[in-house]
Amino acid sequence: MLRPPSRRLPVVATTAAALVALLAGCSGAASAEVVDRGPVRGGTLVYATDREPTCLDPHNSGDMPQTYVARQYLDSLVSLQADGSVVPWLATSWTISDDGTQYDFTLKEGVEFHDGTPLDAQAVVDNFTQILDPATQSSTDLLYLTGYFESATALSEHVVRIDLSRPYSPLLAALSQAFFGIESPTAMARGLEENCESPVGTGPFEVVAWNHGRDVQLVRNDDYDSAPADAKHQGPAYLDGITWRFLKDNTTRYGALGSGEADVIFNVPPESQQLAEADPAISLQEFVHSGSPFSLDLNTTSPVFDDIRVRKAFVHASNARAAVESAYAGVFPYEGDAVSSGTPHYDETYHEPFPYDPDEANRLLDDAGWTGRDADGHRTKDGVTLTVRLPYNADGAETPPADLTILQNIQAMEKEVGIEVDLEALDSASMNAVWGDPDAYDLIGNYWNSPTPHVMYIKYSKATLDVGNGQNSAFASDDELDRVLIAGTATTDPTEQAALYSEAQRILTSKAWSLPLYPIQTRLGISNRVKDVWIEPSEGEPVLSDAYFVDGGDR
Amino acid sequence: MNPWALRIARRVAESVVLLLAVGTIVFFLEHAVPGDPAVAILGGAAAHPTPEAVAAVTAQYGFDRPLLAQYGSFLLGLVRLDFGESYTLKQSVVSVIGGQLGSTLALTATALGLAWLLSITSTLLTAGRRGLLGRIGSVVETVAAGLPQFWLGLVLLLVFAVRLGWFPVIGTGLPGLVLPALTLAIPLAGFLGQVTRDEFEDAQDQPFALSARARGLSEAAVRARHLLRHAALPGITLSGWGLGSLISGAVVVEVVFARQGVGQVLVTAVNAQDLPLVIGITFVVALVYVVANVLTDVAYVAVDPRLRTTIGAPA
């Protein structure tokens with residue numbers, strides 16, 4: 001859920017884009033002909049991605065780069081389908097008590113971790129113990145479990161029971177994320193430091209080495225026989241291994257794909273999108289993440305934005321669609337809802353509740369008493385200028401130039417109605433200080449990838465506000481919204497859920513707590529030599545266990 | 001005491017003071033940065049750690065101790081050359097640097113060598129020549145000196161790796177070293193070339209050049225053996241500085257060419273407030289700089305025999 005996986009875009013900016021365009025004719029024009037005779041074994045796939053995790057164990061922290069690589073060496077209890085249902089994985093079956101507070105998972109038998117430790121019920125219990133241990137420093141996993149999780153117990157060798165303090169219908173979807181991948185208890189017992197370097201799972205590949213700053217080396221688990229039910233094949237992977245390469249620079253990453261040095265790249269740079277589409281040697285796969293889109297959250301405790309009229313005026317005054325579409329050249333879609341369109345129970349009725357309307361913005365601001373004007377034409381009230389502070393990370397990898405363009409466009413649009421937007425460029429350390437400090441900002445960019453509509457609760461509830469970790473970046477909550485969302489977790493009836501989550505979206509969007517911009521995406525560029533790469537829907541994790549080289553992987 | 005030993009002892013003492021000063025400055029600068037290092041350790045603000053986790057980490061690393069107490073333990077660590085453990089990489093700083101330094105040194109050393117090769121070639125071929133050739137050399141050097149490394153790296157990458165496929169985009173080993181080293185070498189070569197050219201042109205009318213020609217030495221021999229030797233001196237002095245600039249340039253090149261190296265790690269460490277790592281790398285870079293300056297002195301003596309009799313003598 002955390003930090004942008006696909007948001008970090010044109011680090012290289014215009015010069016590079018121009019150069020790429022200049023050289024457009026060159027890449028991959030030849031030898032695009034490949035004959036697919038079905039799966040063959042062999043070859044080490046080079047997967048190039050932009051961001052390197054700080055720890056490979058996804059129970060620690062909870063940042064997107066961890067989940068993408070973890071998918072390759074960890075199995076989860078269940079696997080999520082695009083329609084929101086789940087299918088067996090390490091758990092072959094499960095029963096849920098009538099009151100929705102007790103989950104009994106029956107585990108697949110005969111599965112071993114890469115270090116030889118058997119997968120049993122106690123191993124799963126140990127995983128929950130590690131996640132909940134403060135020493136693990138979990139943030140993502142913890143927020144899914146906090147307030148609901150009571151205990152995990154081994155009922156027998158292969159049956160594990162999870163007791164909840166209250167019903168929690170998103171549990172299975174949450175557990176399907178690689179963030180909840182099941183790790184070897186023997187490996188976890190070595191302590192976080194070692195487990196970060198060389199985590200051990202039951203997955204199709206095992207981690208051999210992590211060369212910091214360069215790559216993670218993974219090799220096939222020859223004994224693999226626990227693929228999820230929705231995999232394209234059962235049994236060991238076709239690839240001999242994966243080189244999980246870190247290529248931060250957009251031009252380099254795309255160049256590596258074009259020159260055949262990388263077989264799959266994550267986050268095809270938006271400026272290279274057209275090239276990639278025109279290149280017969282490359283195919284593209286895209287997945288729009290569900291959850292909360294990249295948005296500007298409005299700090300409701302700020303003396304300006306505590307007035308809903310000013311918040312509505314701010315959203316009305318910005319032509320967010322135009323800003324996103326121009327900055328991202330149409331590669332990223334505009335997303336106007338508080339939850340992304342791929343989120344289960346997404347209701348498009350609440351798309352763009354406060355559309356671009358400067359007249360309405362002006363009317364609302366007049367209403368709110370911001371009727372004066374200063375020398376620069378900004379509105380004032382009682383001699384105070386209507387200024388809002390928008391701090392952002394000055395690191396081009398964290399705030400890509402296209403994002404900055406969006407912010408500047410919005411700044412210009414707000415000026416039209418007399419709102420002064422102060423863009424504050426901060427280094428990462430200073431941004432750390434801003435998060436969670438209600439006095440440090442009026443607006444801040446944020447997002448949360450999640451396979452469940454419960455993301456609305458995680459981001460905007462009183463409970464999250466109380467945790468005080470800055471994730472409720474609007475510092476907002478609403479009793480009625482909380483009640484509806486808790487009711488949503490208490491039922492598994494799809495009709496009832498649809499009604500409740502629709503109501504939640506109605507309440508949430510009426511509050512003008514955020515200005516949604518675009519959904520996070522997983523965007524893969526894949527060489528035509530490689531077949532059967534797919535993207536699973538819980539967190540947009542790439543799945544490489546079914547992938548194979550049509551030519552057997554010879555370079 | 002033999003003057004050479006004295007000189008080296010003085011150098012070492014100066015270096016220790018310099019390194020201590022560098023460590024102290026970095027220590028206090030990092031503490032002046034807003035933001036909680038405990039939050040940074042927990043994955044940064046975007047990871048939204050719980051207050052309980054922040055408290056646990058604060059206690060574990062002693063961030064709640066008075067600043068002077070933290071400085072005290074920091075100094076103790078320095079004396080033992082123990083930089084501690086990186087907050088973010090959860091590895092000892094020494095092993096992180098050990099794993100990255102070789103790559104950066106190979107890059108900067110190759111770049112320095114290439115820069116000299118390019119500037120000497122350019123000087124010998126074009127310096128002091130009247131007419132078009134001399135002017136072309138001078139213009140090329142000026143342009144080269146002004147090229148931004150980031151831009152140059154991308155151009156070389158797109159032309160020679162992506163389009164022509166002569167070099168790997170992300171390769172390691174010798175072929176993978178060529179383009180990154182050229183990226184750093186070309187601007188430095190332009191700069192060295194300018195300095196060398198000026199000196200070269202001044203020298204060619206000096207009495208020693210005239211007497212060499214009078215002795216019947218060919219023009220090429222005069223240029224290569226007498227004038228170049230003279231003209232190289234200011235360039236050698238600047239090479240110590242050049243190495244420093246190469247290390248900072250390595251940051252950019254390591255990102256563009258996706259090379260391992262301390263440059264990339266340093267940028268990440270500064271952003272993540274990874275104090276032990278920042279100090280460790282700063283230290284090692286300072287150390288390389290000091291060593292480079294000593295080597296510059298040695299090279300200077302080797303090129304200019306007149307200094308052999310005077311260097312190291314008490315002033």
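Letters A, B, ... mirror the listed sequences (proteins, then strands); counts begin at 1. Any value given below was found using the heavy atoms of this structure, including those in side chains, with hydrogens, waters and symmetry copies removed. Computed from a prediction, not measured in an experiment: that's the story for all the values here.
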Quiz item: How about A/Thr251 and B/Val162: do any of their side-chain heavy atoms sit closer than 4.5 Å?
Solution: no
Practice problem: Calculate, to the nearest 0.5 Å, the distance between atoms CZ and CD belonging to A/Arg214 and B/Glu254 respectively. | Solution: 13.0 Å
Self-check item: Closest approach of B/Ile170 to A/Glu261 (non-hydrogen atoms, all atoms of both residues)
Solution: N-OE1, 2.9 Å
Quiz prompt | Closest approach of B/Gln260 to A/His212 (non-hydrogen atoms, all atoms of both residues) | solution = NE2-O, 2.6 Å
Quiz item: In terms of heavy-atom proximity below 4.5 Å to chain A, should B/Glu85 be classed as side chain, backbone, both, or neither?
Solution: side chain
Exercise. Grab the two heavy atoms, one from B/Val169 and one from A/Ser259, that are nearest each other, plus how far apart they are.
Key: CG2-OG, 3.3 Å
Self-check item: Contacting region of A/Glu197 [heavy-atom separation from chain B under 4.5 Å]
Solution: side chain
Exercise. Among the options B/Ala161, B/Pro168, B/Gly99, B/Gly165, pick out the one with the most heavy-atom pairs lying under 4.5 Å from chain A.
Key: B/Pro168
Quiz prompt | Heavy-atom proximity to chain B below 4.5 Å, by part of A/Asn211 | solution = both
Exercise. Give a yes or no on whether the backbone of B/Val256 and the side-chain of A/Thr252 come within a donor-acceptor separation of less than 3.5 Å.
Key: yes
